[in-house]
Each structure stands twice: as C-alpha cells, then as structure tokens.
Amino acid sequence: MKKITFIIPTYNSAEYLERTLESLGHMIGANSEVVEVLFVDDGSTDQTLTLLERTVAKDPMTYRLLKAKHGGVSKARNLGIKNAMGEYVTFIDSDDAYTANFIPVFLQQTTALPDLGRC
C-alpha cells in the first residue's frame, strides 16, 4: 500500500497542466514508492486527457487515471477517494505547483501527529 494518495481532479486544464505535472515530478522525485497520484478527468474536451495519458504511460506505478462524465469537482474528488489506495489522501488542484520538500514534510507530520485521520 502507498502511504499518500494525491487526488487531482481535472477539467479542461491543458493550458496550465504542464506546470503542475512538472511540479509533481520534482515533488515526487525519490519518493515514488510512497506516493500514488490519482488523476480524475471530469470529461475534459481540450488536450487535458492526452497530457494525463502520456504522464500515466511514463510511470503507471505512480500515476493512475480515472475518466468521468462531467459532474463537477466534488464528484471527481469523491470518485478519487473511492479509488485511492494510500493510507493518507490529499487533494491537489490541476493548476497548482508544489515544492520538492512537500512529501518529506507531510510524512514527518504524519509521524509526529499520529492522531491525523487515516483512510
């Protein structure tokens, strides 16, 4: 089981998704054994799905893709939660960028604060 599942709902995000994907790569780095990234495409009609499929194909052990009929961000997040395999779940938006130290700090906090909710 992976330690952390990052759920990323997407909908017509191609315009800025490249930056987020690059940020994910830097953030995950050597931590891929503890991280699962679950993209939930919410019926995109632009190139979002193509970008996500390419990312998943490069590293299917870290990245997974779920496709849904457009229903909004809450439905996409709930679908992600139902399919998450991590002990902890957190959300990332498809236009966010993260620093390389996010995962070590997150893992440190889960160790230091054992009462944090678990899935």
Side-chain angles (χ1 to χ4, degrees):
M1 178 198 292
K2 299 282 185 161
K3 186 80 170 175
I4 310 167
T5 297
F6 291 96
I7 297 173
I8 306 175
T10 62
Y11 177 72
N12 290 343
S13 306
E15 178 182 341
Y16 38 82
L17 189 57
E18 289 281 356
R19 186 181 117 229
T20 300
L21 295 174
E22 184 178 326
S23 164
L24 279 173
H26 294 300
M27 179 179 69
I28 294 169
N31 296 295
S32 63
E33 70 282 350
V34 297
V35 174
E36 167 190 45
V37 177
L38 185 53
F39 299 109
V40 183
D41 185 68
D42 190 33
S44 293
T45 58
D46 66 356
Q47 293 299 308
T48 297
L49 196 54
T50 302
L51 291 169
L52 296 176
E53 288 171 338
R54 205 175 307 146
T55 301
V56 171
K58 289 178 188 174
D59 187 358
M61 298 301 290
T62 302
Y63 299 99
R64 291 193 299 140
L65 173 61
L66 301 173
K67 300 173 190 175
K69 195 175 195 180
H70 186 60
V73 69
S74 295
K75 283 188 176 184
R77 285 182 176 154
N78 288 335
L79 180 60
I81 290 169
K82 287 179 186 173
N83 287 274
M85 297 189 321
E87 184 177 352
Y88 295 95
V89 172
T90 189
F91 299 102
I92 296 177
D93 289 329
S94 59
D95 61 349
D96 290 346
Y98 290 83
T99 62
N101 69 341
F102 183 91
I103 293 171
V105 170
F106 186 95
L107 293 173
Q108 178 186 24
Q109 291 303 309
T110 62
T111 302
L113 303 168
D115 293 335
L116 285 176
R118 294 179 185 232
C119 294

**Asked** Any idea which heavy atoms bring Glu33 and Ala30 closest together, and the distance?
**Response** OE1-O, 2.9 Å
**Complete:** dist Leu49:CG -> Tyr11:OH (nearest 0.5 Å) comes out at 13.0 Å
**Least distance between heavy atoms, Ala84 atom then Val89 atom** = CB-CG2, 3.8 Å
**Request:** Indicate yes or no for a side-chain donor-acceptor contact from Lys2 to the backbone of Ser32 under 3.5 Å, with no hydrogens or angles considered.
**Result:** yes
**Asked** When rounded to the nearest 0.5 angstrom, what is the spacing between CD1 in Ile7 and CG in Leu38?
**Response** 5.5 Å
**Message:** Test side chain to side chain contact (heavy atoms under 4.5 Å, CB included) on Phe102 and Asn31; report intermediate values, then the result.
**Reply:** CA-CA 11 Å; Phe102 183 91; Asn31 296 295; over 6 Å; no
**Asked** Can you check side chain to side chain contact (heavy atoms under 4.5 Å, CB included) on Ile92 and Met27, steps first, answer last?
**Response** CA-CA 12 Å; Ile92 296 177; Met27 179 179 69; 4.0 Å; yes
**Complete:** In short, side-chain hydrogen bond (donor to acceptor under 3.5 Å, both in side chains) pairs touching residues 89-107 with sequence neighbours left out are Ser13-Ser94, Arg77-Asp93, Asp96-Tyr98, Thr99-Asn101
**Message:** Is the ring pair Tyr63/Phe39 parallel, tilted or perpendicular, if the boundaries are 30 and 60 degrees?
**Reply:** parallel
**Ile81/Phe91 under side chain to side chain contact (heavy atoms under 4.5 Å, CB included): CA gap, chis, key distance, verdict** = CA-CA 10 Å; Ile81 290 169; Phe91 299 102; 3.7 Å; yes
**Request:** Enumerate the residue pairs fulfilling side-chain hydrogen bond (donor to acceptor under 3.5 Å, both in side chains) with a member in residues 14-24, sequence neighbours excluded, ordered by first and then second residue.
**Result:** none
**Item:** Spatial distance of atom NE2 (His26) from atom CG (Leu24) [nearest 0.5 Å]
**Value:** 10.0 Å
**Prompt:** Which heavy atom in Gly71 sits nearest to a heavy atom in Lys75, and how many Å separate them?
**Reply:** O-CD, 3.6 Å
**Asked** Taking atom CD of Glu53 and atom OG1 of Thr48, what is their separation to the nearest 0.5 Å?
**Response** 11.0 Å
**Prompt:** Quick one: CZ on Arg64 to OG1 on Thr5, what's the gap to the nearest 0.5 Å?
**Reply:** 7.0 Å
**Asked** Considering only heavy atoms from C-beta outward, does the side chain of Asp42 approach that of Val73 to under 4.5 Å?
**Response** no
**Item:** Contact summary for Thr45 and Asn12, nearest pair of heavy atoms
**Value:** N-OD1, 2.6 Å
**Asked** How long is the span from the CD1 atom in Ile8 to the CG atom in Leu17, to the nearest 0.5 Å?
**Response** 8.0 Å
**Prompt:** So, Asp41 side chain and Lys67 main chain: donor-acceptor pair closer than 3.5 Å or not?
**Reply:** no
**Asked** So do the side chains of Pro9 and Leu79 get within less than 4.5 Å of each other, counting heavy atoms only?
**Response** no
